[in-house]
Amino acid sequence: MNKTLKKNDMKTAYVMLLPIVGLLTVFVVIPLIYAIFVSFYQWSFYQDSIFVGFSNYLLVLKDQAFYRAMWTGIKFALIVIPIQFVAAFLFAHLIKNLSAKVGGFVKTSIYIPHVISGVVASIVFMFIYNYNGGLANYIVGLFGSEPIPFLADVKYALGSISLPAIWLGFGFTTLIILAGINDIPDSYYEAAEIDGANTFHKMIFITLPLLKNVFLYIIVVGLTGAIQQFDLPYVMTNGGPLNSTMTPNLFIYTHFKNDPYMGYTISAALLLFVIIGVISALMFRLVNSKKVED
Amino acid sequence: MKKTKKTLLTIAGLLVALISIFPLFWMALAGFKPKTEVLGYPFKFFPTVWDFSNYNELLHSTEFIRSMGVTFVGAIIFTVLVIFVNSMAAYSFARLNFPYKNTLFIYVIMTMFIPSMAILIPSYIVVAKLKMLNTLTVLILPGVASAVNMFLMRQFYLGIPKELEEAAVIDGATKFGIYRHIFLPLSVPVFVLVGIGSFLGFWNSLIWPIMTISDERLYQIMQTLAYFRSAQATEWAMIMAGSTMAAIPTIILFAVFQKYLIEGIKLSGIK
């Protein structure tokens with residue numbers, strides 16, 4: 001009886017699993033294996049490939065431009081994620097204290113940027129940053145300053161493309177944190193209040209330790225996502241000025257477009273994958289080592 | 001004292017809410033400005049004359065409307081496929097018993113940890129060899145199987161009480177019948193969440209279309225916008241009108257499903 005049941009299940013299960021397993025094999029697993037294979041070859045669409053051992057990797061590791069791109073990605077992530085996180089953390093506490101009606105409106109409004117594409121965000125902010133009469137320079141002008149070339153000056157470009165990234169992610173991050181805060185029993189906060197805790201104390205001593213895992217998740221996913229940003233620098237600056245906004249993904253894409261030999265590009269992409277993996281692992285270690293006593 | 005504090009918080013909250021939507025408002029407004037007013041001096045917040053010509057021109061532009069249409073059709077097909085392919089797998093892993101179940105589960109979940117960038121170029125080589133470049137298929141098929149969405153749905157199915165199926169089993173329903181008649185109707189909340197995420201991902205995508213599509217009849221909307229921006233760098237009013245129109249479907253989608261989406265933050269199991 002049991003055996004026949006299992007056999008019946010087997011047929012149905014394999015038929016129902018065939019699409020997912022087939023698609024993942026063709027579009028994820030084979031490309032990954034292929035990437036590892038190509039990284040050891042001098043490979044192009046037009047010639048026979050030649051085995052070159054680790055020389056693609058050595059080429060990448062000797063390339064200043066690769067490190068520069070990695071560093072740009074890390075800097076970008078370190079601007080965007082901390083600002084976004086702190087703002088979202090504070091604002092989630094603020095929303096909790098609003099009346100249901102106002103809170104509902106605020107939650108809806110801050111969610112909206114989450115559905116907006118990187119391309120649209122890029123275009124809107126390019127318009128706002130415009131040197132000749134953009135809104136940002138109008139405001140700068142009100143303070144009597146000369147117009148600022150937000151996207152054309154090495155000093156400002158990376159910061160300027162960070163702002164739309166913060167804008168896109170701020171609301172959603174806030175709502176995730178708010179969902180976490182709402183799960184904490186009110187009695188915790190009330191008890192703290194009786195003991196004379198102010199809002200700041202409550203955030204540091206109640207919310208932070210209780211939601212440690214949510215925060216860890218948000219920060220790691222945020223950092224790894226931000227390092228891989230593509231749309232904003234592609235549309236707003238195309239990596240310039242002087243490669244100051246050349247994020248790793250844009251760097252890889254630019255190579256893909258200009259370099260007929262895929263070995264270098266693919267090795268760079270695989271190295272990036274390893275580096276991001278190491279960063280995430282380190283983050284988890286770092287936070288877990290600071291165990292909070294329950 | 002308490003009341004003042006509450007009022008101040010309300011004002012601060014509303015201010016942040018307005019700042020959040022302001023860039024979109026500013027974009028839509030710029031689309032209504034004549035070319036002479038959209039940038040430059042003197043600075044004008046509102047247009048002196050509301051100019052509908054930018055939006056009007058786009059609505060009559062074959063390229064723009066075709067691009068919106070092609071992207072929309074692609075996004076719908078993509079979304080439907082994502083839901084079916086992944087929910088079938090989710091049901092199998094949640095409810096069926098079969099040999100190599102664990103192995104297959106690990107195989108699928110493992111793909112979650114491969115960043116798309118690491119395989120972007122080899123994926124391109126694979127689809128090029130399969131002669132899929134410049135087809136709607138290349139935009140749709142590679143992203144359909146999704147371990148994250150499968151996992152989300154499996155978690156949801158594990159939470160469905162087994163009693164619901166017992167009557168059907170006694171009536172002699174097949175395992176597929178149980179999926180079809182019991183699980184699918186119960187899946188609406190998780191399907192909405194996954195479906196909207198998939199639609200948005202498809203609609204907003206840039207890098208995959210610019211790599212795989214060079215036939216302009218298949219240009220995706222974000223691709224069209226990005227190219228238009230770099231080709232017509234000074235036509236700001238038109239660019240802003242185009243961006244507004246490209247953002248409208250996503251905002252409508254959000255408006256329709258906002259209850260599910262804001263609730264869905266809890267469902268997505270981040271915690």
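In the text below, chain A, chain B and the rest are named by the order of the sequence lines, each starting its count at 1.
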Relative to chain A, which of [options] shows the most heavy atom pairs under 4.5 Å?
| options | value |
| --- | --- |
| B:Asn204, B:Leu14, B:Ile114 | B:Asn204 |
| B:Leu200, B:Ile125, B:Ile251 | B:Ile125 |
| B:Ala118, B:Gly242, B:Pro142 | B:Pro142 |

For the residue pair [X] and [Y], what are the closest heavy atoms and their distance?
| X | Y | answer |
| --- | --- | --- |
| A:Lys257 | B:Ile210 | NZ-O, 4.3 Å |
| A:Val235 | B:Leu206 | CG2-CD2, 4.3 Å |
| A:Trp167 | B:Ser20 | NE1-O, 2.7 Å |
| A:Val120 | B:Met27 | CG1-SD, 3.7 Å |

Go through the atoms of [X] and report whether side chain, backbone, both or neither lie under 4.5 Å from a heavy atom of chain A.
| X | value |
| --- | --- |
| B:Leu253 | neither |
| B:Leu104 | side chain |
| B:Phe228 | neither |
| B:Phe199 | neither |
| B:Leu225 | both |
| B:Met132 | side chain |
| B:Val126 | side chain |
| B:Ser92 | side chain |
| B:Ala90 | neither |
| B:Val38 | both |
| B:Met222 | both |
| B:Phe45 | neither |

With a 4.5 Å cut-off on side-chain heavy atoms, are [Y] and [X] touching?
| X | Y | result |
| --- | --- | --- |
| B:Met240 | A:Ile123 | yes |
| B:Met117 | A:Ile252 | yes |
| A:Tyr111 | B:Gln258 | no |
| B:Ile121 | A:Tyr253 | no |
| A:Asn97 | B:Lys6 | no |
| B:Pro99 | A:Tyr14 | yes |
| A:Thr12 | B:Thr174 | no |

Rounded to the nearest 0.5 Å, how far does [atom2] of [Y] lie from [atom1] of [X]?
| X | Y | atom1 | atom2 | result |
| --- | --- | --- | --- | --- |
| B:Ile21 | A:Ile116 | CD1 | CD1 | 11.0 Å |
| A:Asp231 | B:Ile207 | CG | CD1 | 8.0 Å |
| B:Leu120 | A:Phe230 | CG | CZ | 8.5 Å |

For a quick test of your reading: what N or O donor-acceptor pairs under 3.5 Å do the side chains of residues 130-140 of chain A make, sequence neighbours left out?
unit_1   : atom_1 : unit_2   : atom_2 : d
A:Asn130 : OD1    : A:Asn132 : N      : 2.9
A:Asn137 : OD1    : A:Ile148 : N      : 2.7
A:Asn137 : ND2    : A:Asn130 : O      : 3.2
A:Asn137 : ND2    : A:Ile148 : O      : 3.1

For chain B, which of [options] has the most heavy-atom pairs under 4.5 Å?
| options | value |
| --- | --- |
| A:Leu272, A:Leu94, A:Asn249 | A:Asn249 |
| A:Thr224, A:Thr108, A:Thr265 | A:Thr108 |
| A:Leu270, A:Ile33, A:Leu175 | A:Leu175 |
| A:Phe105, A:Phe91, A:Tyr234, A:Tyr34 | A:Phe91 |
| A:Leu18, A:Leu178, A:Val28, A:Val26 | A:Val28 |

After noting the C-alpha distance and the side-chain angles of B:Phe254 and A:His114, does the key distance pass the side-chain contact (heavy atoms from CB on, under 4.5 Å) rule?
CA-CA 10 Å; B:Phe254 167 72; A:His114 183 64; over 6 Å; no
Not counting sequence neighbours, list each pair that qualifies as a side-chain hydrogen bond (donor to acceptor under 3.5 Å, both in side chains) and has a residue in residues 101-126 of chain B.
A:Thr25-B:Tyr107
Step by step, would you call A:Phe27 with B:Ile119 a side-chain contact (heavy atoms from CB on, under 4.5 Å)?
CA-CA 9 Å; A:Phe27 295 114; B:Ile119 56 163; over 6 Å; no
Chain B contact via [X] - side chain, backbone, both or neither, heavy atoms under 4.5 Å:
| X | value |
| --- | --- |
| A:Phe37 | neither |
| A:Ile95 | neither |
| A:Val38 | neither |

Looking at A:Ile128, is its backbone amide N or carbonyl O close enough to the side chain of B:Trp26 to form a donor-acceptor pair, meaning the two atoms are under 3.5 Å apart?
no
